[in-house]
K.L.:
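I'd like to ask some things about the structure below.
For ligands, and for the atoms within them, numbers begin at 1 and follow the listed sequence. No hydrogens, no waters, no symmetry mates; every other heavy atom, side chains included, goes into these values.
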Amino acid sequence: MGKKHHQDITVNMGRLRTDIERFAEIGRGEDGGIYRMGFSAADFEARNALRTTLKDAGLHAELDGAGNVLGRIEASTNSPSLMVGSHLDSVPAAGRLDGALGVLCGLECLRRIHEEAIDTLRPIELVAFSDEEGRFGGMFGSRAMAGELNPDILETTVDLSGVSLAEAMTERGLEPLKALAARRSPESVFAYIELHIEQGPLLDRLGKSLAVVGAITGLSKWSIKLKGEADHAGTTPMSMRKDAFAGLAEFAGEVPRVLEEHGGEGSVATIGRVTLHPGTANTVPGIADFTLDVRDESAVTLAALTDAFRLTLSAIARRRGLMFEFDILSEVAPVQCDTRIVEVIVDVAKDFDIDPHVMPSGAAHDAQVMARLAPTGMIFVPSVGGRSHSPAEWTHWEDIEMGANVLLQTVLRLAQTERCEES
Ligand code: HGY
Ligand code: MN
Ligand code: MN
């Protein structure tokens with residue numbers, strides 16, 4: 001049989017399904033959730049499994065200084081490479097597809113291109129970024145690639161339990177400062193494509209099997225400490241208390257007002273983690289440690305929201321005789337995906353008789369960091385019931401297969417184009 005045309009080439013769905021099921025067992029907890037937090041042993045078990053799978057497929061595989069796993073297919077020219085990827089790390093009690101689906105679909109694309117010995121105009125790289133989910137802030141591996149790290153970040157960052165990034169990296173056999181060498185020049189990357197689950201309810205509700213991402217939300221993530229006075233729960237009159245939890249509770253009650261007065265239609269804010277000290281039933285909490293995650297598609301609105309939250313916190317602290325301090329854990333600007341890439345994905349989807357929904361992403365992704373390095377696009381597949389960051393996370397196999405085939409054809413198109421053409 002003559003050489004197949006690219007359009008005839010599809011993913012090996014049986015193999016992809018086996019990979020997805022295999023990786024879903026790595027870091028799986030009693031509750032069925034995935035526990036592959038950045039630079040944990042389970043995270044690196046998955047990274048090593050990816051490297052082994054790449055090598056077994058006859059593909060080049062390496063780990064860069066930031067812990068990113070890179071697979072590569074060379075081309076006849078040494079031109080800027082087309083990158084496809086996502087992340088393998090997870091939040092605690094995660095679902096099996098967030099990040100991993102994009103990595104494993106990308107892996108399948110490289111394997112199929114390699115198997116069919118398709119000559120491409122440019123090298124194709126698979127990347128599994130490290131610590132996307134933010135155990136140490138977020139988007140660590142993509143920020144390393146975009147050259148946004150510095151020695152201070154590598155030497156001072158700690159997670160919410162006080163474990164340092166340097167310690168966690170060293171435990172995984174990495175030299176923290178070598179993460180600086182993971183930087184890639186913009187000239188070395190032609191474009192970046194990421195397939196990801198939507199993690200929201202829209203596609204499932206619309207009955208759509210695929211979407212192309214037009215814009216990715218920006219986020220500000222803070223760690224906040226409200227400090228009052230720990231006192232006896234029985235003898236301290238209510239009027240004399242400096243109750244840190246009462247301050248937090250009042251602040252939480254103010255979130256809807258701040259969103260209404262300073263946010264836009266898609267603005268969201270979440271207090272996702274709260275720790276009280278000393279944390280006993282018969283002591284007035286002296287300290288409330290909590291996180292605030294604020295998101296919006298507009299950088300201006302995001303700035304207005306973070307200012308308003310800071311003022312609200314300050315007013316509550318003053319009135320209640322509390323002190324407050326906050327650390328910025330992560331600030332990621334919103335980005336527009338490259339319209340040329342969006343058009344290529346839409347065009348490929350139409351070849352599959354899909355009229356794809358173009359939509360914003362409410363979740364943050366490595367793609368929004370990579371957009372600072374190269375033209376970037378994302379493909380979404382539906383999340384059943386919109387569930388994510390939960391063991392209930394799921395995408396139907398036929399949607400996974402469709403998404404993977406659209407990714408494969410998109411990769412083939414972009415690997416064959418001289419330039420990102422304005423259509
Ligand atoms: O937080 C996010 O949006 C992503 O899951 N890291
Ligand atoms: Mn993700
Ligand atoms: Mn996630």
Side-chain angles (χ1 to χ4, degrees), residues 20 23-24 27 33-40 42-43 46-47 68-69 84-106 127-143 159-160 192-202 211 213 215-223 266-273 291-297 302 328-335 337 359-371 376 378-383 386-395 400 403 407:
I20 291 169
F23 275 73
I34 307 284
Y35 291 79
R36 290 200 300 257
M37 286 69 82
F39 296 107
S40 63
D43 176 30
R47 278 167 205 294
N68 298 318
V69 176
V84 58
S86 193
H87 60 95
L88 287 173
D89 69 290
S90 77
V91 292
R96 59 187 67 192
L97 299 177
D98 177 359
L101 185 64
V103 171
L104 297 174
C105 289
V127 56
F129 287 113
S130 50
D131 192 25
E132 186 274 346
E133 289 291 1
R135 175 185 172 193
F136 294 103
M139 321 289 175
F140 179 79
S142 46
R143 282 164 56 216
D159 69 8
L160 291 173
Y192 173 73
I193 305 291
E194 180 167 358
L195 179 145
H196 205 285
I197 51 172
E198 178 204 339
Q199 299 184 288
L202 191 61
V213 175
I216 307 173
T217 189
L219 73 86
S220 271
K221 194 161 44 173
W222 296 348
S223 166
S267 302
V268 289
T270 311
I271 296 173
R273 174 186 161 120
T291 57
L292 179 66
D293 175 312
V294 187
R295 307 198 185 195
D296 195 89
E297 269 179 61
L302 191 56
I328 297 173
L329 295 174
S330 172
E331 278 193 327
V332 189
V335 292
C337 291
M359 62 181 283
S361 169
H365 296 287
D366 288 304
Q368 68 200 100
V369 177
M370 289 303 285
T376 291
M378 286 192 81
I379 297 167
F380 269 178
V381 290
S383 294
R387 302 296 305 278
S388 183
H389 281 192
S390 147
E393 182 179 277
W394 188 239
T395 299
I400 289 175
L407 179 68

K.L.:
Under 3.5 Å, is there a donor-acceptor pair linking the side chains of S267 and D296?
P.N.:
yes
K.L.:
Of all the heavy-atom pairs spanning R47 and F129, show the shortest one and how long it is.
P.N.:
NH2-O, 3.0 Å
K.L.:
Does S86 reach the side chain of L101, with side-chain heavy atoms less than 4.5 Å apart?
P.N.:
no
K.L.:
Is there side-chain contact between E194 and M370, with at least one heavy-atom pair below 4.5 Å?
P.N.:
no
K.L.:
What's the shortest heavy-atom distance between R36 and G27, and which atoms?
P.N.:
CG-CA, 4.1 Å
K.L.:
What are the two closest non-hydrogen atoms of D89 and E133, and how far apart are they?
P.N.:
OD2-N, 2.9 Å
K.L.:
Tabulate distances under 3.5 Å between N/O atoms of ligand 1 and N/O atoms of the protein, writing both atom names on each line.
P.N.:
from: ligand 1; atom 1: 1 (O); to: R295; atom 2: NH2; distance (Å): 2.8
from: ligand 1; atom 1: 3 (O); to: R295; atom 2: NH1; distance (Å): 2.6
from: ligand 1; atom 1: 3 (O); to: R295; atom 2: NH2; distance (Å): 3.3
from: ligand 1; atom 1: 3 (O); to: A364; atom 2: N; distance (Å): 2.8
from: ligand 1; atom 1: 5 (O); to: E133; atom 2: OE1; distance (Å): 3.1
from: ligand 1; atom 1: 5 (O); to: H389; atom 2: NE2; distance (Å): 3.1
from: ligand 1; atom 1: 6 (N); to: E132; atom 2: OE1; distance (Å): 3.2
from: ligand 1; atom 1: 6 (N); to: E132; atom 2: OE2; distance (Å): 3.0
from: ligand 1; atom 1: 6 (N); to: E133; atom 2: OE1; distance (Å): 3.0

K.L.:
Only one of D43, N68, D131, D98 clears side-chain hydrogen bond (donor to acceptor under 3.5 Å, both in side chains) with H87; which?
P.N.:
D98
K.L.:
Do F380 and H196 come within less than 4.5 Å of each other through their side chains, counting heavy atoms only?
P.N.:
yes
K.L.:
Pull up every protein N/O/S atom sitting under 2.8 Å from the Mn ion (ligand 2), skipping waters.
P.N.:
H87 NE2, D98 OD1, H196 NE2
K.L.:
Please name the pair of heavy atoms, one in L219 and one in A364, separated by the smallest distance, quoted to 0.1 Å.
P.N.:
CD2-CB, 3.3 Å
